[in-house]
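These notes are about the structure you will find just below.
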Amino acid sequence: MHTNVGQAALVLLAGTASAQDATLPARETLLVRAEHVLVSPGRVLDGAQVLVRDGRIVAVGTDLEAPEGARVVEGRWVCAGFIDPWSALGVGGDALSEVNATAATRSIDGFDPFNLDHLRREALRAGVTSARVQLGPQARIGGQGAVVRLVPGLAPEEAIVSDASNLWMTAGLSLPSGQQFVETADGVQMVSGDRAQDPFDRAESVERIVAALQSGKNYLIAQNEHRHELEDWKKKVAEKDAELDKEFKKAKKDREKAQKEATEKDKKFEEKKFKDEKKPQAPRFDEDNEVIARAVDGRLPLFVGVERAAEIRSLLAGTESLGRVRLVIAGGSEAGFQASQLAERRIPVMVWPTPLGRSRPDELEAHDLSLAGRLASHGVTVLLGSGGRDPAATRDLPLLAGLAIAHGLSRDDAIEALTIGAARALDVADRIGTVEAGKDADLLVLDGPPLESTSTVRFTIASGRVVVTPEN
Amino acid sequence: MIHNLLAFAAAALPSVAPLAPAATRLASSDAPLAIRARSVWTGTKVLENAIVVVEDGRIRAVGTEVEIPDGAEVLEHEGVLTAGMIALHGTAGAVGETRDSTRPAMPEARMGIPVDGRSADFAPLWNAGITSLLVTPDSSGITSGTTALVRTADGKVLRDPAHLSLVFSNEGLSSNREPTSRSGALALLNELFKKSSGVVADAKSGKLTCLFEVRERDDVLRAIAFAKDRKLSGALHGAWLSGELSEPIRDSGLFVIVPALGVGTPKRALDAVVRLEKDGVVFGFGLDAPWNHPDLLRLSAALCVRAGLDSQAAWRGLTANAAKISGVEARIGRIERGLEADLVLWSGDPLDLATRAEVVITAGKALTVERPNQNGAKESK
C-alpha cells in the first residue's frame with residue numbers, strides 16, 4: 001500500500017514537472033548495440049555501441065559497457081533518426097491553409113503536439129523522428145518554419161528542435177498535389193489535387209520575392225547605419241563628458257564666479273548650457289523586415305518553393321547580389337537547367353520524389369523521379385522531402401528516398417539528405433542528424449540497412465525515449 | 001549475335017561503369033540462353049545462386065544444379081531474377097478507346113481491338129519491370145466490354161477477352177442515361193444476364209471470367225451475391241477496403257484486384273490487404289497505366305509489406321497471382337519449366353524500391369533498361 005502511494009506521488013510529481021502525455025515512454029539510460037552503426041553518411045562503425053543518457057548521446061564506441069540499470073537495445077543496424085524537411089505533420093490544418101502568413105508569422109505558434117497522432121506514430125515506426133513544418137506553404141512571402149519531433153504528446157520544450165528554422169517563400173509550386181487519400185466515416189476516398197498557378201502570377205511572385213529581399217536588405221542597411229550612428233553619438237557624448245570632467249574644477253570656479261557676480265549686480269544667474277549631441281533616431285521597426293533582414297544576412301535559411309526553369313533563373317539572378325543569403329530551392333522540378341550555377345553557389349534543392357504519374361500530362365516532363373540523381377551528379381546538394389501537402393506522406397519518406405535511389409541518387413546521398421543534410425540546411429546540425437556524442441538521442445535500430453524498403457525499424461528512440469518497439 | 005549478348009551481359013553487371021545510354025532491344029539468339037542469378041524467385045520458392053535456361057522463348061530448366069546446354073550463351077547477374085510483373089488494371093495503348101459513356105451496356109466491346117502495339121505508353125512499363133498489362137474498359141454503365149491482357153514489350157495481345165467487365169460501383173451511373181442508381185444498375189445487369197449469346201453466355205457458362213468493378217464495401221457484397229446467383233467467377237476491382245470483407249470474398253471464390261496504392265495510403269487500407277492474404281484470398285494489384293506512374297505498382301506492394309504482408313505473398317500478387325487472375329497462369333507469372341520466358345533481372349531485392357529492373361527478357365528478346373544518371377565520382381565517397 002505504501003509503495004502504491006509512493007508511486008502515485010511520483011506520477012503526480014512527474015505530472016507537475018511537465019505537461020507530458022501519461023502514455024509517453026520515459027527517458028532512460030540506454031546502451032544501443034548493433035552490428036553496424038551508421039555514424040554519419042559513409043561512416044560505418046562495425047560491432048559498435050551507443051550510450052544514451054538524459055536524452056543525449058553520451059558516447060559512441062566499440063567497447064562500451066552497459067552502466068548499471070541501463071536498458072540494452074539491440075539490432076543489426078543503427079542510424080540517426082530521419083528528418084523530413086518538407087512535411088505537413090506537426091501543425092494543425094488551419095495553419096497549413098493559412099494564406100495571410102507574413103515573414104513574422106511563426107509556424108511554431110501553430111504547433112500542436114497532439115495533431116494527427118496516429119500519423120505521427122506511423123511516421124516514427126517508419127523511422128522519421130522529426131520534421132520541418134511550415135505554416136502557410138502557399139503564401140508568397142510566408143512565415144518561419146520550425147523543426148519538431150513527431151512524438152505525440154511530447155512537451156513543447158522537448159518537441160521543438162528549432163522554433164525558427166527557416167523563412168519560407170513561394171513562386172508557385174504549380175505541380176498538382178496528385179491523388180490524395182481522405183478518410184471518411186464510410187471508408188477511404190481518393191481526391192485529385194489542385195490546379196496549377198498562372199504563369200504571369202508566377203513571374204510576378206519572383207519579382208515580389210526579390211523585392212521583399214531587397215527591402216529586407218535596405219532595412220538591414222538602415223539598421224546597421226543606425227547602429228553606427230548610435231555608436232558615434234555615444235562616443236561623442238562620452239567625449240564631452242570626459243572633457244567636462246577634466247575641466248571640472250575650472251568650470252566650478254567659473255560658475256561660482258559668475259554666480260557671485262550675478263548676485264552682486266543683482267542680475268539673474270543663467271546656467272551655462274552645453275549643446276546636446278542629437279540622439280540619432282532608430283529606423284521604424286518592422287516585424288517582417290526584421291525577419292527578412294536575418295535571412296538576407298544569412299542568419300536564417302531561406303527556402304523558396306519554385307518549380308519551373310524561368311522562375312528559378314529569375315530567382316537566382318535576383319539573389320546574386322545578396323551574397324550572404326542561404327537559399328534552398330524547394331521543388332525545383334526544372335532546376336536541372338541551372339544545375340551548375342546551383343552547385344557553384346552551393347544552393348541545395350529540396351526534391352519531392354513522388355511518383356505522380358501522368359494525370360496531368362503537362363506537368364509530367366518536369367516532375368521526374370530522376371531529378372534528385374541528376375542534380376547530385378552535377379554536384380548540387382539534394383534534400384528529400386515528402387512534399388508538405390499531405391500529413392500522411394511523411395511516413396513514406398524512406399520509400400520515396402528508395403525511389404530516388406532507384407532513379408540515380410547514390411545511397412549515401414539519400415541517407416545524407418534524410419539526416420545530416422537536412423539538419424545542416426535547417427541549422428540544427430548541432431542537435432540532430434548523426435550518431436555522435438553530444439547530439440540529441442534520435443536513433444533508429446533496424447533489422448537491415450537503412451533506406452532499404454524491406455528493412456524494418458525495430459526501435460525508434462527520440463530524445464532518449466524508446467517510442468517504438470517491436471511490441472508496440 | 002554472340003557479341004551482342006556478351007555486350008548486354010556486361011551491361012547487366014551492376015558494378016560495370018559505362019552502361020547502355022538508352023534502351024536497346026537485342027534480337028533473340030537461336031542459341032539457348034542460360035541466366036545465372038544470385039537469387040531466383042520462382043513464384044513458389046526462392047533459389048539462391050540458381051540457373052534458368054531459356055530456349056525458343058520458353059523456360060527449359062530451373063534450379064541450382066542445372067546443366068548449361070552446349071552452345072548456350074551465359075548471362076551472369078549479381079541480382080535477383082523473377083517473372084515479369086503483371087499490372088491488372090489500366091488503359092495504356094488504348095487511351096480514349098476504353099470508354100463509351102453514351103450507352104448503358106456494351107458487353108461486346110473488346111479492349112484487345114484498339115490496343116496500339118506501337119504506343120509510347122508501353123516503354124515506361126517494361127522499363128519498370130512490368131511485362132504485361134490488363135487493359136480494362138472504363139466503368140461506364142453496367143458494362144463497357146471485355147478486358148485484354150497485353151504484353152508491354154511488343155503490344156501483343158496475350159488474352160482477349162480475359163474478363164467481362166461488370167460495374168457495381170457508382171462510377172457506372174449517370175444523370176443523363178440509365179442507370180441512374182445502384183438499384184437501377186442491378187436491374188439492368190439482371191436484364192443483361194437473360195441473354196444467352198455472346199460474352200454474356202460465355203460468362204454464364206464459366207468460359208469467361210468477370211471483372212466486378214466495385215468501390216464501396218456494399219458494392220462488394222452486391223457483386224458477391226450476383227456472382228453467387230449465376231455461378232460467375234472472376235475478380236473484384238476497386239474497393240480499398242475489400243480486405244475488411246475477406247471472409248465473404250474467400251467463400252465466394254472471387255479474386256481481388258487491389259487498386260494502386262499511393263504515398264500516404266491510410267494504414268486501414270494497407271491492413272485490409274494484409275487481411276486478404278491472411279484469409280487466403282488471391283489478389284493482385286492494379287495500375288491505372290498510363291496515368292499512374294509505373295513505380296506505383298511496386299510501391300503498392302512495398303507499402304503492404306511494411307504494414308505486415310509477407311514479402312513473397314506481395315510478390316506473388318505482382319506476378320503469379322496476377323497471372324492467375326488474368327487466366328494466363330499456364331503461360332506466365334512464374335519461373336517454371338515449360339512456361340514462357342517472361343523474366344526480369346533486378347539489381348537487388350525487387351521489393352526494395354531502391355532496386356531497379358536492369359534486363360527484361362520477354363517476347364523472345366532480352367531488353368536492357370535505360371539507366372538513370374549515376375552519381376559518378378560521388379558514388380564512392
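Every chain is numbered from 1 and lettered A, B, ... according to where its sequence line falls, protein lines coming before strand lines.
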Scored by heavy-atom pairs under 4.5 Å with chain B, the best of A:T394, A:L400, A:T454, A:T456 is A:T454
Quick check for you: to the nearest 0.5 Å, what is the distance between A:E122 atom CD and B:K267 atom NZ?
6.0 Å
What's the shortest heavy-atom distance between B:T265 and A:D396, and which atoms?
N-OD2, 4.3 Å
Among all residues two or more places apart in sequence or in another chain, which pass the ring-ring contact (aromatic ring centres under 6.0 Å, His included) test with B:F283?
B:F285
Greater than 12 external heavy atoms within 6.0 Å of B:R38's CZ:
yes
Which atoms of B:L270 are under 4.5 Å from chain A, going by heavy atoms: the side chain, the backbone, both sets, or neither?
side chain
So what's closer than 4.5 Å to chain B heavy atoms on A:S455: side chain, backbone, both or neither?
backbone
Just by modelled atom types, is the A:S453 backbone N or O under 3.5 Å from a matching donor or acceptor in the B:R306 side chain?
yes
For B:T355, is it the side chain, the backbone, both or neither that has a heavy atom under 4.5 Å from a heavy atom of chain A?
backbone
Please give me the minimum heavy-atom distance between A:L451 and B:D352, naming the atom from each residue.
O-OD1, 4.0 Å
Shortest non-hydrogen pair, A:R411 vs B:A354, comes out as NH2-CB, 3.4 Å
Heavy-atom proximity to chain B below 4.5 Å, by part of A:A126:
both
Output for pair (B:H293 NE2, A:T354 OG1), nearest 0.5 Å, gives 9.0 Å
Are A:D390 and B:V263 packed together at the side-chain level, in the sense that at least one heavy-atom pair is separated by less than 4.5 angstrom?
no
Non-hydrogen atoms of chain B under 4.5 Å away: do they reach the side chain of A:P398, the backbone, both or neither?
side chain
Sole residue of B:L296, B:L353, B:L297, B:N292 in side-chain contact (heavy atoms from CB on, under 4.5 Å) with A:P355:
B:L296
Show the nearest heavy-atom pair for residues A:A392 and B:G264, with the distance to one decimal.
CB-O, 3.4 Å
With the side chain counted from C-beta on, respond yes when A:L403 and B:R298 share a heavy-atom pair under 4.5 Å apart, and no when they do not.
no
